Participant: 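What follows is a structure written as structure tokens; I'll ask about it next.
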Amino acid sequence: MTESLKDKLFNHIPPAMIAMVLLFWAFAPKSLTDVPWLLIVTSSAITVTVLLLEFVHERHSGWRMNAREFVTDLYYVVLSSTLIAWLSKTLAEDPLLAAKEWLGINTTWMAQVPWLVQVMMVIVILEFGQYWMHRLMHNSTPFWLTHAPHHHITQLNAAKGAVGNPIELFLISLSVLAFFDFDTTALFAGLNTLNVISTFAHANVKANPPIWYSFFFTTIRHHSLHHSTDYEATRCNYGNSLILLDRIFGTYCEGEGVLVGQDDRRRLSIWEQTIFPFQPLIDRYKSRKASPSADGPGGTAAA
């Protein structure tokens, strides 16, 4: 099928946005990059931009954004950038920094590493941990119970990467980046680059990036297959942003999904997603409470 000019343009938007992110953090004035909340602004701008692109060139009409999906996605974006971010810093990053100081770990040599190499290190280190955490979530029942709500989404949109059970969102945020003294702009450039890739990998945008891009980076084709209703297909393409890791570790699958979701494709409410990991215990408690007593009056067996 012949691609239209619009198709060709959209195919190159993901790599173009990565280039823009790198150029911004590499050359923006220090007075701007030192602003504490700038990373939140750039991350939000990326999500909003890709969300708007969904209305310009959508991939599937069945994934079209509606008010209910927008409100739910917004809730999880705010949750991730506030409570989850605070928990990650308090329970993971700060203890790692304390352990680093106590152990006398010094990575000041990082200042001698070229800036772009630092960005690449941020991407690989963070994604390597997320790949194995994601894979664990699909292969261990307790971890799967935290991750399953993310697979109950019935459409893919720009902010869907933030949708999930809070426990999963915390676990997937963990990393060892705090052990390294990265240049702040390199760290933020790496995080924003991952944000661009993962946002497009969840977005309802008709964009099929060049072969070189899809060899290294996760695309909507890879990730929609991972979210498909076919159980076996969900056990591949674990890379949130680096599909290269799936190629290396033998979990890569070719294909694309259109129907996404779990079981009967019933969409879970925010409350259902929140209590999902505890649902087996809740059901067991309700079952025991509802079952009639085996003993009759006075403690004797009922006739």
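Quick caveat, the model's predicted, so the values are computed rather than measured. Residue numbers count from 1 along this sequence. Just the heavy atoms: all of them, side chains too, but no hydrogens, waters or symmetry mates, feed the values below.
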Participant: For E127, which of L194, I243, I197, V122 qualifies under side-chain contact (heavy atoms from CB on, under 4.5 Å)?
Facilitator: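 Exactly one option meets the side-chain contact (heavy atoms from CB on, under 4.5 Å) with E127, and it is L194.
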
Participant: When hydrophobic residues are tied together by side-chain contacts of less than 4.5 Å, even through go-betweens, does V205 share a cluster with L225?
Facilitator: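 No: no chain of side-chain contacts under 4.5 Å links V205 to L225.
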
Participant: Is the backbone N or O of V78 less than 3.5 Å from a side-chain atom of S81, with the two atoms forming a donor-acceptor pair by type?
Facilitator: yes

Participant: Would you compute the distance between atom OG1 of T219 and atom NE2 of H202 and round it to the nearest 0.5 angstrom?
Facilitator: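 Answer rounded to 0.5 Å: 12.0 Å.
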
Participant: Does a side-chain heavy-atom distance below 4.5 Å link N192 with S43?
Facilitator: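 Yes, at least one pair of side-chain atoms sits under 4.5 Å.
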
Participant: Scan L187, I123, D183 and name whichever one has a side-chain contact (heavy atoms from CB on, under 4.5 Å) with Q118.
Facilitator: D183

Participant: What residues form a salt bridge (charged side-chain N to carboxylate O under 4.0 Å, His left out) with R266, not counting sequence neighbours?
Facilitator: E272

Participant: Could you please spell out the steps behind the side-chain hydrogen bond (donor to acceptor under 3.5 Å, both in side chains) verdict for N204 and Q155?
Facilitator: CA-CA 8 Å; N204 185 24; Q155 65 185 68; over 6 Å; no

Participant: I'd like to check E93 versus L97 (side-chain heavy atoms, cut-off strictly below 4.5 Å). Are they in contact?
Facilitator: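 Yes, side chains in contact.
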
Participant: Taking only residues two or more places apart in sequence, or in another chain, which ones meet R235 in a salt bridge (charged side-chain N to carboxylate O under 4.0 Å, His left out)?
Facilitator: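 Residues passing salt bridge (charged side-chain N to carboxylate O under 4.0 Å, His left out) with R235: none at all.
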
Participant: List, by chain and number, the other hydrophobic cluster members for L52, where Ile, Leu, Val, Met, Phe, Trp and Tyr join if side-chain heavy atoms come within less than 4.5 Å, directly or indirectly.
Facilitator: V48

Participant: Would you please name every residue forming a salt bridge (charged side-chain N to carboxylate O under 4.0 Å, His left out) with R267, sequence neighbours left out?
Facilitator: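 Counting only residues at least two positions away or on another chain, R267 forms a salt bridge (charged side-chain N to carboxylate O under 4.0 Å, His left out) with E69.
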
Participant: Please say yes or no: joined through hydrophobic side-chain contacts below 4.5 Å, possibly via intermediate residues, are Y213 and M120 part of one cluster?
Facilitator: no

Participant: Looking at S287 and D283, would you say the former's side chain and the latter's main chain have a donor-acceptor pair under 3.5 Å?
Facilitator: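 Answer holds: no.
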
Participant: Quick check: do T107 and F182 have side-chain heavy atoms less than 4.5 Å from each other?
Facilitator: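 The answer is no; the side chains never approach within 4.5 Å.
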
Participant: Can you measure from NE2 (H152) to CG (L268) and round to the nearest 0.5 angstrom?
Facilitator: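 One gets 5.0 Å once the value is rounded to the nearest 0.5 Å.
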
Participant: Within the 4.5 Å heavy-atom criterion, are M133 and E168 side-chain neighbours or not?
Facilitator: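 The answer is no; the side chains never approach within 4.5 Å.
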
Participant: Which atoms form the tightest heavy-atom contact between V163 and I153, and what is the distance?
Facilitator: CG1-CG2, 3.9 Å

Participant: Apply side-chain hydrogen bond (donor to acceptor under 3.5 Å, both in side chains) to S224 and H227, showing your working.
Facilitator: CA-CA 5 Å; S224 62; H227 272 275; over 6 Å; no

Participant: Does N157 form a side-chain hydrogen bond (donor to acceptor under 3.5 Å, both in side chains) with K160? I'd like the steps, not just the answer.
Facilitator: CA-CA 5 Å; N157 302 108; K160 283 295 190 290; 2.9 Å; yes

Participant: For the atom pair CZ (F215) and CH2 (W212), what is the distance rounded to the nearest 0.5 Å?
Facilitator: 13.0 Å

Participant: Name the one of S214, C236, C253 that satisfies side-chain contact (heavy atoms from CB on, under 4.5 Å) with H222?
Facilitator: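 For H222, the side-chain contact (heavy atoms from CB on, under 4.5 Å) check succeeds only for S214.
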
Participant: Do you know the tightest heavy-atom contact between P277 and I167?
Facilitator: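 The answer is CG-CD1, 4.5 Å.
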
Participant: Near E101 CD, under 6.0 Å, is it more than 12 heavy atoms from other residues, nucleotides or ligands?
Facilitator: no

Participant: Quick one, T72 and I270 - any side-chain contact, counting heavy atoms below 4.5 Å?
Facilitator: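 The answer is yes, as the side chains (C-beta and beyond) meet within the 4.5 Å cut-off.
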
Participant: Taking the side chain as every heavy atom from C-beta outward, state whether F188 and L191 have any pair of such atoms under 4.5 Å apart.
Facilitator: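 Side-chain contact under 4.5 Å: yes.
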
Participant: Can you sort out the partners of H138 under ring-ring contact (aromatic ring centres under 6.0 Å, His included), two or more places apart, ordered by chain and number?
Facilitator: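 Applying ring-ring contact (aromatic ring centres under 6.0 Å, His included) to H138 gives H134, W144, H147, H151, H226, Y238.
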
Participant: Please determine whether side chain to side chain contact (heavy atoms under 4.5 Å, CB included) holds for the pair T42 and N195, giving the CA-CA distance in whole Å, both sets of side-chain angles, and the decisive distance to 0.1 Å.
Facilitator: CA-CA 10 Å; T42 54; N195 190 16; over 6 Å; no

Participant: Going from CZ on F276 to CD1 on I282, what distance comes out if it is rounded to the nearest 0.5 angstrom?
Facilitator: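 So the gap between those two atoms works out to 11.0 Å.
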
Participant: Rounded to the nearest 0.5 Å, how far does CZ of F200 lie from CD1 of I13?
Facilitator: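 Those atoms lie 6.0 Å apart.
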
Participant: Distance check, rounded to the nearest 0.5 Å: Y131 atom OH versus L242 atom CG?
Facilitator: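 Here the interatomic distance stands at 11.5 Å.
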
Participant: Are side-chain heavy atoms of L38 and L32 found at a separation under 4.5 Å?
Facilitator: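 Yes, side chains in contact.
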
Participant: Are the side chain of E54 and the backbone of A158 linked by a donor-acceptor contact shorter than 3.5 Å?
Facilitator: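 A pair under 3.5 Å: yes.
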
Participant: Who are the side-chain hydrogen bond (donor to acceptor under 3.5 Å, both in side chains) partners of D230, not counting sequence neighbours?
Facilitator: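 side-chain hydrogen bond (donor to acceptor under 3.5 Å, both in side chains) list for D230, sorted by chain: empty.
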
Participant: Answer whether the closest heavy-atom distance between the side chains of R59 and N208 falls below 4.5 Å.
Facilitator: yes

